[in-house]
Amino acid sequence: MYIVIQYVRLPTPLYFATQLAWQFTNGANGLIYLSLNSFLRNEVLRLIKWQKLSKPVAVEISLEMFPEDIQLINVGASGDPADHHHTRGQSLAEVFRIVPDTKEQLEVLKDLVDNADVYDLDFWKSPTKTGVSTDVMIPSTTLKNITDLLSSSNISYVVSVPDVVRLMKEYETPKDSGISDLLRSFYRRFKDDGVATNKATYNFDDYGSYSDMVNWMTKIQEYYPSFTKVIQIGTTHEGRSIVGIKIGNHISNQNKRVVWIDGGIHAREWASIHTALYFINELVGKYGSDPDITHYVNSLNFYIIPCVNPDGYVYSFAAKDNPRQRLWRKNRSKPVCPSSLSAGQNPAEKCCQGVDLNRNFGFHWAEPGSNSNPCSLIYQGHSAFSEPETRAVRDMLLSPELYGKVDAFITMHTYSQLWIYPWGHHENSYPADIVDLKTVAENAVRALESTYGTKYKSGTGADILSFCVILCCSCLESSLSSQSGPILRRIRAAGANAEAPQMKAEFNFRDYATYAQMKHWMKNIEFYYPNFTKNFQIGTTSEGQAIHGIKIGTPTKAQKKRAIWIDGGIHAREWAAINTALYFINELVAKYGVNDEITYYVDTLDFYIVPCLNPDGYEYAHTRTADPLSFRRMWRKNRSKENCIDIENGGKSCCKGVDLNRNFDIHWGLETRDPTTSGNTTSIDPCSDIYQGPRAFSEPETRALRDILLSPELKGRTDAYITLHTFGQIWMYPFGHQKGVYPDDKNDLESVGRAAVAALAKAFGTKYRLGNSADLLYPAPGSSVDWAKGVAGIKYAYLIELRPPPIRLTGFILQKAQLIPCAIETWEGVKVVVDAILKLHNLQRKTTTLVDASKPNGNKTNAITPLATTSARHMTKN
């Protein structure tokens with residue numbers, strides 16, 4: 001069902017969507033267009049009625065969808081959905097991410113690859129092995145066939161791109177499209193203010209046409225003839241010149257060593273072309289001003305071909321609302337009919353155009369990893385070097401001008417953040433100088449990462465991807481997000497290969513655990529390390545579950561050391577917060593006695609960590625049901641008994657649960673409003689996700705936290721309260737009940753917070769905002785962090801909204817590959833708070849101490865087995 005509504009606070013899971021959705025509107029009367037299932041639709045209508053807002057336009061359509069797949073787009077003033085194709089079942093194409101669990105499932109996917117033309121499928125990432133994801137674009141015409149096939153084969157999948165057309169419009173719309181500057185800056189990963197400048201200007205904020213590129217390179221030669229020269233290496237099927245540029249001083253010198261760089265051999269990989277153009281600009285714009293660049297250009301000749309496949313790029317670039325055209329991969333050679341064409345079949349229905357140029361080189365041509373079907377995206381051509389584009393690259397590299405002089409061949413592709421070296425035709429097959437290739441690749445990846453923290457993997461194409469026949473000596477897979485694939489998305493999922501340190505009590509940090517698994521793990525920790533860990537229980541929930549935590553500090557019976565409190569999971573759906581708190585436990589335990597810094601922390605301070613403050617809510621959200629439209633995954637509150645409130649017409653509104661982060665006795669019940677939606681930020685309606693409860697501390701979970709922090713054990717000695725939430729990448733301090741209201745020691749909170757955010761960013765380059773929660777988001781009275789600061793008197797009180805950034809509509813559902821890096825970087829920030837406490841009490845570590853082997857068994861070095869990478873700083877170098 002569709003509902004068009006003006007700005008209104010929506011129930012979960014729509015609440016988080018509206019925080020971004022308002023960015024899409026063009027003016028005060030803009031509308032938000034949401035696709036809802038019937039349950040959510042009724043919730044919206046009920047809430048609108050309760051708040052006495054204007055009646056929305058409502059159009060009934062027979063369509064149900066998962067809450068996780070909610071779509072939102074900007075629509076015209078009429079709110080007419082008839083002109084839009086942005087919902088499940090109506091989009092022109094979707095992208096599925098599929099992970100085969102068994103060999104049988106893998107074979108099903110490989111059969112789909114072989115028959116991709118039958119179903120009009122576009123495999124962005126082909127299936128290679130079990131446990132490794134594949135991405136496939138599926139048109140609406142065959143969507144049901146594919147979902148039925150996957151279902152019958154028991155193959156699970158997620159819709160990573162629900163609407164490819166919308167993705168194209170969001171990330172590739174020109175600046176004059178009417179999209180607001182605010183929205184554009186929201187999506188831009190980094191502003192190009194570091195781009196070198198030269199007399200021949202180029203717009204690196206946008207994707208240019210092929211003629212724009214050629215004209216720009218021509219202008220460069222006009223302005224800088226002494227060290228640049230435009231070159232043409234051949235012509236395409238459609239008669240376009242394949243144009244590049246030579247850069248070297250003096251330009252006539254043919255005796256220097258050569259570096260070859262190209263991009264765009266696959267038409268849809270626009271970011272690779274853009275990157276090659278940027279390289280040209282770096283070499284030209286900084287020549288004579290940057291010593292490194294000047295030495296490069298004086299010592300070497302650079303041959304850069306930004307777009308090896310002009311015909312394909314021009315065809316792809318002309319796409320508007322056609323995802324098949326935008327995602328065109330091959331060149332534009334004349335149509336060829338497959339040998340399977342049956343008698344009497346219309347050739348126009350089956351014959352296909354184009355060759356995959358990166359399967360057409362004369363090196364292990366036509367081996368596994370390519371296809372002889374002209375309708376396949378990886379069609380190898382009728383013979384090696386059958387295409388004028390591949391012959392042009394071959395002839396140039398083997399010409400007297402270059403043969404024997406080229407020391408580097410770098411070809412750029414998208415996507416996946418991989419730095420690949422040969423060989424790619426077979427696994428475990430390497431050139432004789434593999435050590436050199438591997439060493440340089442690893443150094444390159446480390447240098448790349450040092451800029452913005454972006455993590456790349458290096459290896460051969462066959463080993464880390466799949467069988468593929470390639471010519472290149474180093475293929476740079478350079479996109480930023482696997483979810484948008486060939487369409488460049490300017491947000492990253494850094495640190496996906498990071499690992500957690502290990503100890504005897506094992507735990508899988510790459511997945512979301514049940515509450516029972518968490519409790520069991522913490523008990524195992526105390527069993528193995530009784531000298532510095534101790535389990536505790538702060539209370540019980542509405543449903544009678546114990547709220548468990550763990551104390552870490554030597555000796556465990558000490559009651560006089562300064563204390564740090566950390567909790568997560570006060571909101572049931574924020575699973576990554578719980579996982580991060582668990583990781584902190586692992587850091588402190590696994591590295592004690594091995595890492596000097598951690599050992600000093602545990603010897604000097606007491607850490608109290610409660611990973612999940614809301615066990616009832618978490619278990620409810622974590623439990624799968626037979627109903628695919630279950631609302632459970634986005635449950636926010638606890639599971640207290642139903643509360644009711646009278647509504648219009650003599651009715652009642654009755655629902656379970658209280659928002660625990662609105663239930664603390666500090667400005668409880670204060671009516672505040674969210675400026676972005678004009679909705680309340682706390683509610684007296686039991687059916688609201690932000691229901692404050694019938695009274696302050698009405699819930700056993702909030703009382704449990706209050707009682708432990710005010711207990712003789714902790715009162716007066718707790719210096720930090722850190723509560724973990726998702727999502728938005730924000731580090732916040734009190735007070736959050738009203739804008740412009742701050743603690744007296746705001747400067748201290750800001751100073752430590754600023755240092756924490758900076759330390760966090762050093763791990764993987766993740767950017768966090770810092771500030772007061774009411775100023776950065778919206779007022780939120782009755783929160784735990786405000787109470788910890790304002791009532792419990794804890795100096796360093798912070799609420800941390802973890803990954804992902806606010807532009808991700810999947811916010812509460814953090815990809816599992818990001819769990820460990822999210823925890824690692826957050827721990828780096830938390831350590832800054834720990835160091836501030838040590839400094840506050842003159843407890844700084846004076847000298848570096850080695851492990852004391854005389855300590856009790858629980859503290860011995862051999863009691864735990866950390867990985868070789870024993871800290872986030874070390875891990876980013878491996």
Side-chain angles (χ1 to χ4, degrees), residues 536 538-539 541 547 549 559 562-571 606-610 613-614 637-638 640 658-672 681-684 690-725 731-750 752-753 771-801 833 836-837 840-841:
F536 62 87
I538 67 171
T541 67
I547 305 172
Q559 298 288 330
R562 305 309 298 176
I564 294 173
W565 178 278
I566 299 171
D567 65 50
I570 196 170
H571 288 146
D606 283 336
F607 292 82
Y608 290 77
I609 302 179
V610 178
L613 272 176
N614 182 7
K637 302 183 287 183
N638 72 347
S640 60
V658 169
D659 181 351
L660 298 178
N661 210 38
R662 298 294 187 276
N663 191 242
F664 287 80
D665 193 9
I666 182 166
H667 300 286
W668 178 87
L670 178 69
E671 184 173 332
T672 56
T681 58
T682 188
S683 177
I684 61 172
I690 49 173
Y691 174 48
Q692 62 197 18
R695 60 190 175 279
F697 288 125
S698 61
E699 305 310 295
E701 296 89 350
T702 55
R703 293 196 300 272
L705 180 58
R706 174 198 65 188
D707 294 346
I708 186 69
L709 288 176
L710 296 183
S711 68
E713 182 177 349
L714 287 181
K715 186 178 181 181
R717 71 182 186 99
T718 305
D719 291 316
Y721 174 85
I722 297 172
T723 181
L724 303 171
H725 289 245
W731 193 290
M732 295 185 288
Y733 53 81
F735 289 109
H737 68 282
Q738 183 177 327
K739 281 192 171 186
V741 178
Y742 314 108
D744 293 337
D745 58 352
K746 174 195 173 189
N747 291 341
D748 293 344
L749 288 165
E750 269 197 346
V752 172
N772 171 271
S773 56
D775 293 346
L776 287 179
L777 290 178
Y778 45 79
S783 69
S784 68
V785 69
D786 279 10
W787 181 86
K789 180 66 176 175
V791 178
I794 299 172
K795 181 169 180 60
Y796 294 112
Y798 294 107
L799 185 155
I800 308 173
E801 296 279 4
V833 181
I837 292 170
L840 181 69
H841 297 285

### Query
Are any of the side-chain heavy atoms of Thr702 and Trp787 separated by less than 4.5 Å?
no

### Query
Taking NZ, NE, NH1 and NH2 as the nitrogens, is one of them in Arg706 or Asp665 under 4.0 Å from a carboxylate oxygen of the other?
no

#### Entry: Beyond-backbone contact of Leu799 with Ser773, side-chain heavy atoms, under 4.5 angstrom
no

### Message
Using 0.5 Å steps for rounding, measure from the OG atom of Ser784 to the CG atom of Asn661.
### Response
4.5 Å

### Message
Quick check: closest heavy atoms across Phe735 and Ile666, and the distance to 0.1 Å?
### Response
CE2-CD1, 4.2 Å

### Query
Distance from Leu776 atom CG to Lys739 atom NZ, nearest 0.5 Å?
9.0 Å

### Between Tyr721 and Asp567, a side-chain donor and acceptor under 3.5 Å
yes

### Message
Which heavy atom of Ser698 sits nearest to which heavy atom of Gly693, and what is that distance?
### Response
OG-CA, 4.1 Å

### Query
Parallel, tilted or perpendicular for Phe536 and Trp565, by the 30°/60° rule?
tilted

### Side chain to side chain, Val791 and Phe664, heavy atoms closer than 4.5 Å
no

### Message
Do Tyr796 and Ile722 have side chains that approach each other closer than 4.5 Å (heavy atoms only, starting at C-beta)?
### Response
no

### Query
Going from CD on Glu699 to CG on Leu613, what distance comes out if it is rounded to the nearest 0.5 angstrom?
13.0 Å

### Query
Which pair of heavy atoms, one from Ile547 and one from Ala704, lies closest together, and at what distance?
CD1-CB, 4.2 Å

#### Entry: Flag side-chain contact, heavy atom, 4.5 Å: Asp606 against Arg717
yes

### Query
Could you give the distance from CD1 (Ile538) to OH (Tyr608), rounded to the nearest 0.5 Å?
12.5 Å

### Query
How long is the gap from OG1 on Thr682 to OH on Tyr691, to the nearest 0.5 Å?
10.0 Å

### Task
Evaluate the side-chain proximity of Lys795 to Leu840: yes if any heavy-atom separation is below 4.5 Å, no if none is.
yes

### Task
State, to 0.1 Å, how close Pro734 and Asp786 come at their nearest heavy-atom pair, and which atoms those are.
CB-OD1, 3.4 Å

### Task
Could you tell me whether a side-chain N or O of Lys637 sits under 3.5 Å from a main-chain N or O of Leu660, the two making a donor and an acceptor?
no

### Query
Do the rings of His667 and His737 sit parallel, tilted or perpendicular, given the 30° and 60° boundaries?
parallel

#### Entry: Side chain proximity check, Asn614 to His571, heavy atoms < 4.5 angstrom
no

## Note on the structure
Here the gap from Leu714 atom CG to Ile564 atom CD1, rounded to the nearest 0.5 Å, amounts to 12.0 Å

### Message
Would you say that more than 12 heavy atoms from the other residues, nucleotides or ligands in this model lie under 6.0 Å from the NZ of Lys715, or not?
### Response
no

### Passing option when Tyr742 is tested against Asp775, Asn747, Asn772 for side-chain hydrogen bond (donor to acceptor under 3.5 Å, both in side chains)
Asp775

### Task
Work out which heavy atom in Thr541 is nearest to a heavy atom in Pro700; give both atom names and the distance.
C-CG, 3.7 Å

### Query
What pair of heavy atoms forms the shortest contact from Ala720 to Ile837, and how long is it?
CB-CD1, 3.5 Å

